[in-house]
Amino acid sequence: MKPVKVGILGLGTVGSGTFNVLKRNQKEILGRAGRRIEVAMVADRDVERAQSIVKGDCEVVADGYLLVNNPEIDIVVELIGGYTVAKDFVLKAIENGKHVVTANKALLAVHGNEIFEAAQKKKVIVAFEAAVAGGIPIIKALREGLTANRIEWIAGIINGTTNFILSGMRDKGLDFNTVLKDAQALGYAEADPTFDIEGIDAAHKATIMSAIAFGVPVQFDKAYVEGITKLESIDITYAEQLGYRIKLLGITKRMANGIELRVHPTLIPEKRLIANVEGAMNAVLVNSDAVGATLYYGKGAGSEPTASAVIADLVDIARVDTVNPEHRVPYLAFQPDAMNDTPILPITEVTTSYYLRMQVKDQPGVLADITRILADLSISIDAFLQKEPLEGETLVDIIILTHQTQEKNMNAAIEKIEQISTVMGKVTKIRLENLL
Ligand code: NDP
Ligand code: HSE
């Protein structure tokens, strides 16, 4: 069979990893794909640097349009990132009848519906294994391995940078900025680390998984997004004393009235496997009706781990290129006419448990006032911790873990608690998930 010709747009962290792994494991990959996968052209702004990576093995150009318009190229691999130029290149490649592989979760979470529609019309594949949890084959698992199941919920540590930061803060007592710099140096962080630390990158990935799990369009604009920048290390410590770890989770859940889609710091019982995922590692827990809970763990970022997923897509395409497009795996797991419009619920409608921390005056009746407010709103307390006041101080920290309630109910309780004269300042609220 004739080789499949590939063009790589962007030879940065993931692009160079893809080039190198394809070259190194050429024989192995040929044995699996049944066809040679040949990089015919690379486009990068920095031609000299790209040339130093490809070492004369293929043509290097600065202008990506030379690549997407090149009639020799069968598959365009978009590894530039972002929503602007990457979108233009992807749509042009599709218009030119080329298959596309991308690791660009931002692009798919925001413009995925338009891109999949264009691809459907041109009968080309858009593959994106690397876009969610880097090297972990979670898209394959959700779209194919779990295809018999009704998926109930997914909860994932899907941003390596924030997990690396939270681990560093907890284990080594390092401050936020020091650990962030380490993550950037290791190539985990996005070009703009705001996307990582504010939860946006995780929300891009959760949005894609939500669409695949529940057969709805990608709807990043409806996701609730809260990062780790406001998280205080005292809460990591208190959570630990209560038997919990705090992780930035991407959660999507099927509920009776809609779909929850949210990213936020979350307390998880420390005995759960996922609570022990440390450093830049990712893990995704999927709960489905037939198989029950399954857990996928591995490197969610980095040059070669991400290249592993990009190349898996290339091999898939090399194998099914000639298959009738109607018989391919649908982009979002469900056939276009089987998609549904179940609404994404606003955060106020979400149901979960909570960790509350407040500082109160150490005097009689304070606790009674707080618990009365919770009881009046039918919020049940699961655990309680009162810290000793420091020498000479009259204020104490109180930590309450609640059972499940709706977010709007919890917000109403917090508003009332903050009005009690013996409660000082704001109440810190962190969501808690028992995950099974
Ligand atoms: P990099 O910034 O390392 O690489 C992007 C490359 O594209 C750079 O070499 C950049 O050049 C080049 N580039 C930018 N604009 C153009 C253009 N107009 N034409 C040609 N080349 C261009 O990014 P990553 O490799 O880290 O990420 C690539 C994609 O993979 C992103 O979508 C990212 O979200 C995703 N991803 C990344 C992971 C990771 O671990 N890094 C993991 C999973 C997904 P210059 O340096 O001059 O800007
Ligand atoms: N910045 C991302 C992370 C890269 O830290 O997980 C992988 O998508």
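We count ligands from 1, going down the list as the structure has it; atoms in each ligand are counted the same way. The figures that follow rest on heavy atoms only: side chains count, while hydrogens, waters and symmetry mates do not. In this chain, numbering begins with 1 at the start of the sequence shown.
- When Asp63, Thr161, Ile80 are checked for heavy-atom proximity to atom 13 (N) of ligand 1, Ile80 turns out nearest.
- Taking 4.0 Å as the cut-off between side-chain N and carboxylate O, Lys247 and Glu278 count as a salt-bridged pair.
- Of all protein heavy atoms, the one closest to atom 48 (O) of ligand 1 is Arg45 NH2, 2.6 Å.
- Of the options Val14, Leu108, Ile8, Val85, the smallest heavy-atom separation from atom 18 (N) of ligand 1 is shown by Val85.
- Between Arg262 and Glu226, none of the side-chain N atoms (NZ, or NE/NH1/NH2) sits under 4.0 Å from a carboxylate O, so this pair counts as no salt bridge.
- Side-chain atoms of Asn104 come within 3.5 Å of backbone atoms of Leu107 as a donor-acceptor pair (strictly under, hydrogens ignored).
- In terms of protein heavy-atom proximity, atom 28 (C) of ligand 1 is closest to Leu79 O, 3.3 Å.
- Here's the thing with Asp44: one of its N/O atoms is less than 3.5 angstrom from an N/O atom of ligand 1.
- Among protein heavy atoms, atom 33 (C) of ligand 1 sits closest to Glu190 OE1, 3.8 Å.
- Between Tyr331 and Phe116, the ring planes lie parallel to each other; the angle is under 30°, not in the 30° to 60° tilted range.
- In this structure, atom 32 (O) of ligand 1 lies nearest to the protein heavy atom Gly81 CA, 3.2 Å.
- Heavy atoms of Ala130 approach ligand 1 to within less than 4.0 angstrom.
- Considering Ile311, Val100, Val310 as possible partners of Val77, the one that fulfils the side chain to side chain contact (heavy atoms under 4.5 Å, CB included) test is Val310.
- Protein heavy atom nearest atom 30 (O) of ligand 1, with residue, atom name and distance: Ala103 CB, 3.4 Å.
- Listed by chain and residue number, the protein contacts of ligand 2 are Lys105, Asn159, Gly160, Thr161, Tyr188, Ala189, Glu190, Asp196, Asp201, Lys205, Gly300, Ala301 (heavy atom within 4.0 angstrom).
- When heavy-atom distances to ligand 1 are checked against a 4.0 Å cut-off, Ala131 has no atom that comes that close, whether in backbone or side chain.
- Counting only heavy atoms from C-beta outward, the side chains of Tyr244 and Ile268 never approach each other to under 4.5 Å.
- Remark: atom 23 (O) of ligand 1 lies closer than 4.0 Å to no protein heavy atom.
- Contact analysis puts Lys105 in contact with ligand 1, with a non-hydrogen atom separation below 4.0 angstrom.
- One option in Thr13, Thr306, Asp201, Leu11 has a heavy atom closer to atom 1 (P) of ligand 1 than any other, and that option is Thr13.
- Comment: Lys92 does not engage Asp88 in a salt bridge, judged by the lack of any side-chain N to carboxylate O separation of less than 4.0 angstrom.
- Among protein heavy atoms, the minimum distance from atom 41 (N) of ligand 1 is reached at Gly187 O, 3.6 Å.
- Salt-bridge formation is not detected for the pair Glu95/Lys122: no Lys NZ or Arg NE/NH1/NH2 atom is positioned less than 4.0 Å from an Asp or Glu carboxylate oxygen.
- At a threshold of 4.0 Å, the pair Glu240-Arg170 counts as salt-bridged, since one of the basic side-chain nitrogens sits closer than that to a carboxylate oxygen.
- The aromatic rings of Tyr83 and Phe195 sit tilted relative to each other, their planes meeting at an angle between 30° and 60°.
- Given atom 40 (O) of ligand 1, the protein heavy atom at minimum distance is Gly302 N, 2.6 Å.
- The backbone N or O of Ser210 lies less than 3.5 Å from no partner atom in the side chain of Thr252, so there is not a single donor-acceptor pair.
- Here the protein heavy atom with the shortest distance to atom 9 (O) of ligand 1 is Arg49 NH2, 2.5 Å.
- Between the side chain of Asp44 and the backbone N or O of Leu9, no donor-acceptor pair lies under 3.5 Å.
- Judged purely by atom type and a 3.5 angstrom limit, Asn96 uses its side chain to pair as donor or acceptor with the backbone of Val68.
- Between Glu152 and Arg150, at least one side-chain N (NZ, or NE/NH1/NH2) sits under 4.0 Å from a carboxylate O, which counts as a salt bridge.
- Near Ala301, the atoms of ligand 1 lying under 4.0 angstrom from a non-hydrogen atom of the residue are 40 (O).
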